[in-house]
2 protein chains.
Amino acid sequence: MNSKYTNKLRSSGMRPTRQRIKICEILFDREHTFHFSINDLAEIVKNNAKEKIALATIYNTVHLLTKKGYLKEISINSDKSYFDTNTSSHHHFFDEETSKLIDLDNEYVDPINIRKNIPGKKVKSIEVLVKIDNDNQNQK
Amino acid sequence: MNSKYTNKLRSSGMRPTRQRIKICEILFDREHTFHFSINDLAEIVKNNAKEKIALATIYNTVHLLTKKGYLKEISINSDKSYFDTNTSSHHHFFDEETSKLIDLDNEYVDPINIRKNIPGKKVKSIEVLVKIDNDNQNQK
DNA sequence: TGCTTATATTATAATCATTCTAATCTATAT
DNA sequence: ATATAGATTAGAATGATTATAATATAAGCA
């Protein structure tokens, strides 16, 4: 039961269980960053894992990984939560046609200067969402 | 049954019903723009209107007003939908402490240039979300 | 005006994502 | 090995939203 995620999990105070290791493998053994909803992940787990993982465990693990800084929650259309394996501060395209998110790295966007302050509050993050849609013909 | 909203509704192909007029009055008879969830609006209706309006009607009306361009849906934390009576393209602060949205007008943010294109797609909107939190002491 | 019909409203049930619960299991420290 | 704190599980509960199907109403027409 050893994996490259065993220590990663343990070092964040998460016991390295079979389920958590499997979920980490699905999420992080990838070349590119991965955007997903809980439902996406649950589907992959179902098709991919030898043994079943309860939906509640998937929720718990994703939320824990988010709290520990290995995932980032993305606020998009309000029907579902999306998560991103790219935890750096960065921007997104949101394709309205496919409802898919695409990373937009900081290098493509000049630094954004906000010339307004809210008293007693400090800025925690500044992120841009670019909504896109098909280019062709008429848009109803 | 005449109201300044009678024609506004009719000109958008919406029959000016008592319920719709009442909802318009609540939403648009205001000095400042108004951010709300369906639940916020339902509460105001309950305390404000002489006669009850069914929750389904509130949902239907808000969605119709959104489709007709009188309201704008805001994508924030994924638990609920928020709507905004300011339908122009503009930005927001999101106060993580209170979960409240604050308008951030374009004049406080320089134009944002995105140096990346997605083939076959055109940009529909570019909006910034600035997350803020209490300034004082320790966070966590 | 009154009638007809397309459209709205309503109460309630259904759905869907998410969270809770309480029983069972397991990683870890002794 | 054993005890126990922490994790997993199935299923129930919750809360927002949408669907349903019966009733009511606005608008067009005689």
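All figures in this text were calculated on a predicted structure; none of them were measured in a lab. Residue numbers begin at 1 in each chain, while the letters A, B, ... track the order of the sequences.
- Applying a 4.0 Å cut-off to non-hydrogen atoms, the residues of residues 50-64 of chain B that approach DNA chain C are B:Lys52, B:Ile53, B:Ala54, B:Ala56, B:Thr57, listed by residue number.
- Between A:Thr17 and D:dG6, a side-chain N or O to OP1/OP2 separation shorter than 4.0 Å is absent.
- Taking atom CZ on A:Arg20 and atom C1' on D:dT9, their separation rounds to 14 Å, with Å as the unit.
- The CD1 atom of A:Ile21 sits 11 Å away from the C1' atom of C:dA27 (whole-angstrom rounding).
- The nearest whole Å value for the distance from the CZ atom in B:Phe83 to the C1' atom in D:dA16 is 12 Å.
- For the pair B:Lys121 and A:Phe93, the cation-pi criterion (under 6.0 Å, within 45° of the ring axis) is not fulfilled.
- When each of B:Asn39 and B:Arg15 is assigned the nucleotide of DNA chain D bearing its nearest heavy atom, the one mapping closer to the 5' terminus is B:Asn39.
- Separation of atoms CD1 (A:Ile23) and CD1 (A:Ile44) is listed at 11.0 Å; rounding is to 0.5 Å.
- Between B:His92 and B:His35, the two ring planes are perpendicular [angle over 60°; tilted spans 30° to 60°].
- In this structure A:Lys4 satisfies the salt bridge (charged side-chain N to carboxylate O under 4.0 Å, His left out) test together with A:Asp29, sequence neighbours excluded.
- Residues meeting the salt bridge (charged side-chain N to carboxylate O under 4.0 Å, His left out) test with A:Lys100, sequence neighbours left out: none.
- Distance OH (A:Tyr82) to P (C:dA17): 10 Å, rounded to an integer number of Å.
- Going from atom CD1 of A:Ile23 over to atom P of D:dA7 covers 13 Å, rounded to whole Å.
- Rounded to whole Å, atom C1' of C:dA11 lies 15 Å from atom NZ of B:Lys46.
- The minimum heavy-atom distance linking B:Phe28 with B:Tyr5 is given by the pair CB-OH, 3.3 Å.
- In this pair, B:Phe34 and B:Phe36 present their aromatic rings parallel. The plane angle is below 30°, not in the 30 to 60° band.
- Listed pair B:Arg10 / D:dA26 fails the phosphate criterion, with no side-chain N or O lying under 4.0 Å from OP1 or OP2.
- Between A:Gln19 and D:dT9, a side-chain N or O to OP1/OP2 separation shorter than 4.0 Å is present.
- Side-chain nitrogen and oxygen atoms of B:Arg18 include at least one within less than 4.0 Å of the OP1 or OP2 phosphate oxygen of D:dT25.
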